[in-house]
4 protein chains.
Amino acid sequence: MCNTGKTKIIDAARTIISEHGIQGATIRGIAEEAGVSTGAIYHYYSSKEAILYDVMDDGLSEMKRISTISTEQKKKFETLIQEIFDSMQERFQKDAESRLQFYLAHEAILGNEELKHKFKDKYKDWIDRLEIIFVQAYHIEPGPLTKAVAAWTLAGIDGMVLQILLETNTVNLTHINQILDYLLNEGFTHFFQIIGNE
Amino acid sequence: MCNTGKTKIIDAARTIISEHGIQGATIRGIAEEAGVSTGAIYHYYSSKEAILYDVMDDGLSEMKRISTISTEQKKKFETLIQEIFDSMQERFQKDAESRLQFYLAHEAILGNEELKHKFKDKYKDWIDRLEIIFVQAYHIEPGPLTKAVAAWTLAGIDGMVLQILLETNTVNLTHINQILDYLLNEGFTHFFQIIGNE
Amino acid sequence: MCNTGKTKIIDAARTIISEHGIQGATIRGIAEEAGVSTGAIYHYYSSKEAILYDVMDDGLSEMKRISTISTEQKKKFETLIQEIFDSMQERFQKDAESRLQFYLAHEAILGNEELKHKFKDKYKDWIDRLEIIFVQAYHIEPGPLTKAVAAWTLAGIDGMVLQILLETNTVNLTHINQILDYLLNEGFTHFFQIIGNE
Amino acid sequence: MCNTGKTKIIDAARTIISEHGIQGATIRGIAEEAGVSTGAIYHYYSSKEAILYDVMDDGLSEMKRISTISTEQKKKFETLIQEIFDSMQERFQKDAESRLQFYLAHEAILGNEELKHKFKDKYKDWIDRLEIIFVQAYHIEPGPLTKAVAAWTLAGIDGMVLQILLETNTVNLTHINQILDYLLNEGFTHFFQIIGNE
DNA sequence: TATGAATGAGAGTTCATTCAT
DNA sequence: AATGAATGAACTCTCATTCAT
């Protein structure tokens, strides 16, 4: 793994942001973390904003989430459900990554239109993928409601990650997962049956 | 409503933060918005941090959410469900407030332990209240799973608010509400039946 | 003479510029010379450029030159000539002021359009005034050639000031003044006679 | 003309200075203009100052002005006068060169003693040459006053070039030239007659 | 010779905080 | 109570200069 140039700076910037937030990320701090001089930063990036932009770009690109679940080959229902479940469990674990995502979302909400646009693209992609998986798993026809279910599913995961990051610890993870398990195995099946009959 | 002293400053600070974020909130800006001098600020608050603290404190206090739904008197199922539904719709509308909440969450995640603790208390309170409403509405016994459902419900709302703030516009609000409607009227009923039988 | 606020800063800036040039004029240097902190500068001026602008504006305003010679009342030929002569002698003396003027001209030539415009206005004013004085002194009709003579006269003075600032010391000031004396007393008379006869 | 090494750098530096001024001349910019790397510059020059010095040195060397007028062979009055006139017209045209000269003068005035010394030599040379031409053309004896007239003539040209660079446009070039024509053909003749009779 | 990444001092600017009035 | 001028540390960014390659 070559840690040269931009990579070194982006990695340092990501570390600093994770530790001190975007407000606390200074060029000097990033340079120090990267082990280079402040001036060196400007060989690779024309401004601090450009650095943050790349950090965000990288950060969002790495938000694979359910996108790693292949929908190419036909899989058994149990396999698909297990993969979704595992994918969500993984998100609950990745603290640093989730932290960065909330920073980015915060920035986007604050008015960074470019970032907002990227988030829009990402969410569309995630929701589309999740819908395809649902279609495969539950043998249903895609439509506005399947998309809405996907959106709610992602929303639930995001909200749960927020509670985890905030360390609310109100509910035990075991019970949290039981609900998730029910939803994937029976809840959605039940829902799509009812929808199908209408 | 007397707009003197601290109140005036906190209101100004909240406005500034909503518009420019915490990074963009300067003492000068807050003073200007409040219509006082920078020096005057320091008669009421010893530091900028103290102001932000109060803004956060107020902000969290005002996060009423489902807490406005009374559980004192016995209500019909339909009435309770409608009240929950309306309460969530309301959250989807309150842009400025949601924005501030995300700023606060962001700050808490960043390492503000006191704020984190307040969030913990808040979520516990919300989840407890939601659980009581569920117990009333679905005629079930409270337990870890009812709490988990409440936690997931809040998580879903938070995540959906995030998508709204990010203006992802992936799914139409009508369909979003259809899912919510199903969950409250049939989904949870179905779930608690299954849980009850186990 | 109240040396408060802007005045103090402008005076300091003028001093620094005279000593170190515009390149050598730093905010820190100006602040030190003015006896205030760097931050204080920004109470009065929003940028370094704004300071330089005011220095230039002041500098150009103070370039009274022949504009102090009143043309209101009728004066004897000898009086007028003597006043012009004295006015020019004065310019030869004012080292610091002339120095600043050349800095400003240099900046204008470099591409500062606003400054260029100011110079244009100033030169127009000076030339017009000098023409009026010539008309009074030599009893002639104003016209393009009288304006041209005025322009050449100013040009000569500017060029001579340049030689003085460069300390070329090629010619003794006494002889320089003898030529000036001839021009004012006989040269121009002779010229306007010839022009008049054409 | 070999454009290697120092020449290439000096040419680039002169171009940059003409376009952006001395303040705007950076090593990077010069290197780019010269088509070499920043490091390569330091093979030829030990510092930026050294480059600027050579630019100035070259710039002053190229200030030929009236020095191109040969005084070797006897010429007719009309020929000499025409040559002086043409030489001055040429100066009015050479914008870039004049621009550079003012930068140099500016630097010298700012305190560059070496440059000041060079200017002194140059002006002495120009004035001496002009005096010789005057002596030839007007059949007079050289003396302090002939030198003073030469100094004033140069001063006038310098001042007029300044007005041209500043784009004051107060007076039409045609009328400017009419005055010059009068001076060379009749003015100086008249002056030297009067001086001679005293 | 030649490159260009790297250095680091210093530039303009911001802003929480203080304090004489 | 209230003002706002003043402070100064810390920020982003620039650029002459160096040096391993």
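All values below come from the heavy atoms of this structure, side chains included, with hydrogens, waters and symmetry mates left out. Lettering of chains follows the sequences in order, A, B, ..., and the numbering in each one begins at 1.
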Using only heavy-atom distances, decide whether a donor-acceptor pair under 3.5 angstrom links the side-chain of B:His43 to the base of F:dA1. no
Interatomic distance where CD1 belongs to A:Ile22 and C1' belongs to F:dT12 [whole Å]: 16 Å
Span that lies between the P atom of F:dT21 and that of E:dT1, in whole angstrom: 22 Å
Rounded off to whole Å, could you give me the CD1-to-P distance for the D:Ile16 and F:dC15 pair? 12 Å
Expressed as a whole number of angstroms, how long is the span from C:Leu52:CG to E:dA11:P? 14 Å
Residues in salt bridge (charged side-chain N to carboxylate O under 4.0 Å, His left out) contact with B:Glu49, at least two apart in sequence or another chain: none
Extract all donor-acceptor atom pairs below 3.5 Å that involve side chains of residues 28-41 of chain C and protein atoms in other chains or at least two apart in sequence.
| residue | atom | partner | partner atom | Å |
| --- | --- | --- | --- | --- |
| C:Ser37 | OG | C:Ala40 | N | 3.3 |

Residues which pass salt bridge (charged side-chain N to carboxylate O under 4.0 Å, His left out) with C:Lys6, listed by chain and number, not counting sequence neighbours: none
Touch class at under 4.0 angstrom, heavy-atom based, for C:Ala31 against every strand present: nothing
So do the side chains of C:Tyr45 and C:Ile10 get within less than 4.5 Å of each other, counting heavy atoms only? yes
Tell me whether the OP1 or OP2 atom of E:dT13 has a side-chain N or O from C:Tyr45 closer than 4.0 Å. no
Answer yes or no: is there a side-chain heavy-atom contact under 4.5 Å between A:Ile109 and B:Leu162? yes
For D:Asp121, check salt bridge (charged side-chain N to carboxylate O under 4.0 Å, His left out) against everything at least two apart and list the hits. none
Rounded distance in Å - OH (C:Tyr53) to P (E:dG12): 20 Å
Just the rounded figure in Å: distance from P of F:dA16 to CD of D:Gln23. 12 Å
Of D:Ala40 and C:Ala40, whose closest DNA chain E nucleotide lies nearer the 5' terminus? D:Ala40
In this structure, how many angstroms lie between the C1' atom of E:dT14 and the CD atom of B:Glu32, rounded? 15 Å
What does the 5'-to-3' dot-bracket notation of DNA chain F look like when only Watson-Crick and G-U wobble pairs under 3.5 Å count, and pairs to other strands show as |? .||||||||||||||||||||
Salt bridge flag under 4.0 Å for residues C:Asp11 and C:Lys8: no
Of all the heavy-atom pairs spanning A:Leu165 and B:Lys116, show the shortest one and how long it is. O-CE, 3.7 Å
Separation of C:Ile41 atom CD1 from F:dG8 atom P, in whole Å? 13 Å
Atom CD1 of A:Ile30 and atom P of F:dC11: how far apart are they, to the nearest Å? 11 Å
Minimum side-chain heavy-atom gap C:Met56-C:Lys118 below 4.5 Å: no
By nearest-heavy-atom nucleotide on DNA chain F, the more 5' of B:Tyr44 and D:Thr26 is B:Tyr44
Assign A:Ala25 to base, sugar-phosphate, or nothing according to its heavy-atom contacts below 4.0 angstrom with the strands shown. sugar-phosphate
Could I get a table of every N or O pair under 3.5 Å where one atom is in the protein and the other is in nucleotides 17-21 of chain E?
| residue | atom | partner | partner atom | Å |
| --- | --- | --- | --- | --- |
| E:dT17 | OP2 | B:Tyr42 | OH | 3.1 |
| E:dT17 | OP2 | B:Lys48 | N | 2.8 |

Between D:Asp158 and D:Tyr123, is there a side-chain donor-acceptor contact under 3.5 Å, judged purely by atom types and distance? yes
